[in-house]
Amino acid sequence: MKTIIKKGHILNPSTKMDKVADILIVDGIIEKIEDEINDADIDQVIMAEGRYVMPGFIDLHVHFREPGFEYKETIETGSRSAARGGYTSVCPMPNTNPVIDSKEMIEWLSKKEKEESLVHILPVGAITKGQNGTDLADIKGMAQAGAKAISEDGKSVMDVNVYVEGMKQAKESNLVVLAHCEDKNLVRGGVMNAGKKSQELGLKGITNAVEDVITARDIFLANETGAKLHLCHCSTKDSVALIELAKKAGYQVSGEVCPHHFTLCDEDIPCDDSNYKMNPPLRSKEDVLALKNGLKSGIMDVISTDHAPHGAEEKSKSMVDSPFGIVGLETAFCLTVTELVEQGYLTKMELVEKMSYNPSRIIGIDKGQIVEGKVADLVIADFEEEYLIDVNTFASKGKNTPFHGKKVKGRIYQTIVAGKVVYDYDKEQ
Ligand code: DOR
Ligand code: ZN
Ligand code: ZN
């Protein structure tokens, strides 16, 4: 099978390639990148004139809800949502039912990937059995079965001795620890950011300290154990400051920011609407600015989605009674273009770094690059096209987003996984 992508503007951070060229893909591998490729026996030509060709996006943080919550999302629908968002690899979090906490569950996930997923799945195992916080999961076994990371996402491992042992085993197995930072004892029933707005709405608040104390704890524990630490969905200015401090000290730490946290602040919450409820919550203006500047300066390495689909009924309840989380796979690119590229925080190349190249390095896979000889995981997009976000077009089962109707720039046209077009905007029309 031979495919040519013609006249696309290639953005590849690893070689700093930033020019219009053709790409020849043979049996799923990037065979040739040249200014002009003219080959006679081509099976498929993709015209990309006026568009950008980037390494497929890699999301270190999604929730696909299978097994156990298939009404919210499945691996199949989640993977279609990922493809529609320009993603070619994703890390589904293990807070399913049962929890992904064993060698067998990792093997089950890999089997589901082969049978049902349009994109690559990078398995993540839980740190403790059933996420019970006390009994360590079989981390080595999960690593042998193909896990790329461990995470207790949805919560933090509050018992430091259990956590330290988990970190040691992660290091021995060469797994990265994806940390959700939330001190359970400080939450006190909070459902949104603590501040003027939460008081106005009469809702209990979540302070920055809920995140910051665990961010600090995790950084020091990772340094002591030698574990590679990646901090999930950072939302506060002091998370950014702590990561900066840790990096200056030479610690192995990286941080991610989600599009909702750099697009909205708590003051943008119009009323008690659970489409604005996620954990960590939308923070203050000051925090949002620190996140944007953290991405700009390079302190923050990754943009991930924390794609968290929920059922329409459960999300129609009040902020108090609905679950935390919003969908993100199909709005991440356009929000990043609109809020960061258009506003001068990131160049287009830096967007690719944060959405593809850096995630691939952190999780330890040979992806995130457009280089001859590598697997052809690619995304083709337009940075200029303007439109309104419409939840009705989402492939995800989850329609829970505060961004319905928002005017954005940036359209995904094709997503290509191992040479195969898994999403084509033109065919959707
Ligand atoms: O908003 C969130 N949703 N935050 C989490 O930590 C968990 C996630 C979920 O699983 O829905
Ligand atoms: Zn989380
Ligand atoms: Zn999450």
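The residues of the chain are indexed from 1 along the displayed sequence. Every number for a ligand or one of its atoms is a count from 1 in the order of the listing. Keep in mind it's a predicted model, so treat the numbers as computed, not measured.
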Undergrad: If you look at Asp306, which of its N/O/S atoms is nearest to the Zn ion (ligand 3)?
TA: OD1
Undergrad: One thing to verify: whether Lys248 and Glu244 come together as a salt bridge, which I'm taking to mean a side-chain N less than 4.0 angstrom from a carboxylate O.
TA: yes
Undergrad: Using only N, O or S atoms, tell me which atom of His233 is closest to the Zn ion (ligand 2).
TA: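 Checking each N, O and S atom of His233, the shortest distance to the Zn ion (ligand 2) belongs to NE2.
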Undergrad: Is the Zn ion (ligand 3) less than 2.8 Å from at least one N/O/S atom of Cys232?
TA: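 Looking at Cys232, which is the residue asked about, there is no N, O or S atom under 2.8 Å from the Zn ion (ligand 3).
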Undergrad: Short list, please: which atoms of ligand 1 are under 4.0 Å from a heavy atom of His310?
TA: 11 (O)
Undergrad: Which is closest to atom 9 (C) of ligand 1 by heavy-atom distance: Met93, His180, Arg65, Met278?
TA: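 Heavy atom nearest to atom 9 (C) of ligand 1 belongs to Arg65.
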Undergrad: So, Arg80 and Glu76, do they make that salt bridge, N to O below 4.0 Å?
TA: yes
Undergrad: Who's the nearest protein heavy-atom neighbour of atom 7 (C) of ligand 1, and how far?
TA: Gly154 CA, 4.0 Å
Undergrad: Relative to Phe403, does Lys406 satisfy both conditions: NZ or CZ under 6.0 angstrom from the six-membered ring centre, and within 45 degrees of the ring's axis?
TA: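 Relative to the ring axis of Phe403, which defines the angle, Lys406 lies outside at least one limit.
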Undergrad: Taking atom types as modelled and ignoring hydrogens, do the side chains of Glu313 and Tyr71 form a donor-acceptor contact shorter than 3.5 angstrom?
TA: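 Side chains of Glu313 and Tyr71: no pair found under 3.5 Å.
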Undergrad: Any atom of ligand 1 sitting under 4.0 Å from a heavy atom of His260?
TA: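 No heavy atom of His260 comes that close to ligand 1.
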Undergrad: Have Asn208 and Asp238 got a donor and an acceptor in their side chains that come within less than 3.5 Å?
TA: no
Undergrad: Can you name the one residue among His260, His261, His61 that meets side chain to side chain donor-acceptor pair (under 3.5 Å) with Asp306?
TA: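 Between Asp306 and the candidates, side chain to side chain donor-acceptor pair (under 3.5 Å) is satisfied uniquely by His61.
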Undergrad: Does Lys409 pair with Glu384 as a salt bridge, N-O distance under 4.0 Å?
TA: yes
Undergrad: Counting backbone and side-chain atoms alike, does His180 have an N/O/S atom under 2.8 Å from the Zn ion (ligand 2)?
TA: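 Under 2.8 Å: His180 contacts the Zn ion (ligand 2) through an N, O or S atom.
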Undergrad: Can you find a non-hydrogen atom of Pro323 under 4.0 Å from ligand 1?
TA: no
Undergrad: Between the Zn ion (ligand 2) and Asp153, which N, O or S atom of the residue is the nearest one?
TA: OD1
Undergrad: Could you list the atoms of ligand 1 found under 4.0 angstrom from a heavy atom of Phe324?
TA: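 Atoms satisfying the 4.0 Å criterion: 1 (O), 2 (C), 3 (N), 11 (O).
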Undergrad: Taking atom types as modelled, is there a side-chain donor on His230 or Asp301 under 3.5 Å from an acceptor on the other?
TA: no
Undergrad: Among all protein heavy atoms, pick out the one at the shortest distance from atom 2 (C) of ligand 1; state its residue, atom name and that distance to 0.1 Å.
TA: Asn279 O, 3.6 Å
Undergrad: May I ask you to say whether Glu172 pairs ionically with Lys168, meaning some side-chain N is under 4.0 Å from a carboxylate O?
TA: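 No, no charged N to carboxylate O under 4.0 Å.
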Undergrad: Just go through His61, Lys277, His63, His233 and tell me whose heavy atom is the nearest to atom 8 (C) of ligand 1.
TA: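 Going through His61, Lys277, His63, His233 one by one, His63 has the nearest heavy atom to atom 8 (C) of ligand 1.
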Undergrad: Taking 4.0 Å as the limit for heavy-atom contacts, which would you say applies to Lys155 with ligand 1: side chain only, backbone only, both, or neither?
TA: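 It is neither; nothing of Lys155 touches ligand 1.
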Undergrad: Run the salt-bridge test on Lys196 and Glu200 with the 4.0 Å N-O cut-off and return the result as yes or no.
TA: no
Undergrad: Working to the nearest 0.5 angstrom, can you tell me the gap between Glu182 CD and Ser235 OG?
TA: 10.0 Å
Undergrad: Just to be sure I'm reading this right: ignoring hydrogens, which of Ile326, Asn95, Val62 gets closest to atom 10 (O) of ligand 1? Compare them by their nearest heavy atoms.
TA: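 Among Ile326, Asn95, Val62, the closest heavy atom to atom 10 (O) of ligand 1 belongs to Asn95.
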Undergrad: Tell me which part of Asp306 gets within contact of ligand 1: side chain, backbone, both or neither, using heavy atoms under 4.0 Å.
TA: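 For Asp306, the contact with ligand 1 is made by the side chain alone.
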Undergrad: Below 3.5 angstrom, do we get any N/O pair linking Ala308 and ligand 1?
TA: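 Min N/O separation from ligand 1 is not below 3.5 Å for Ala308.
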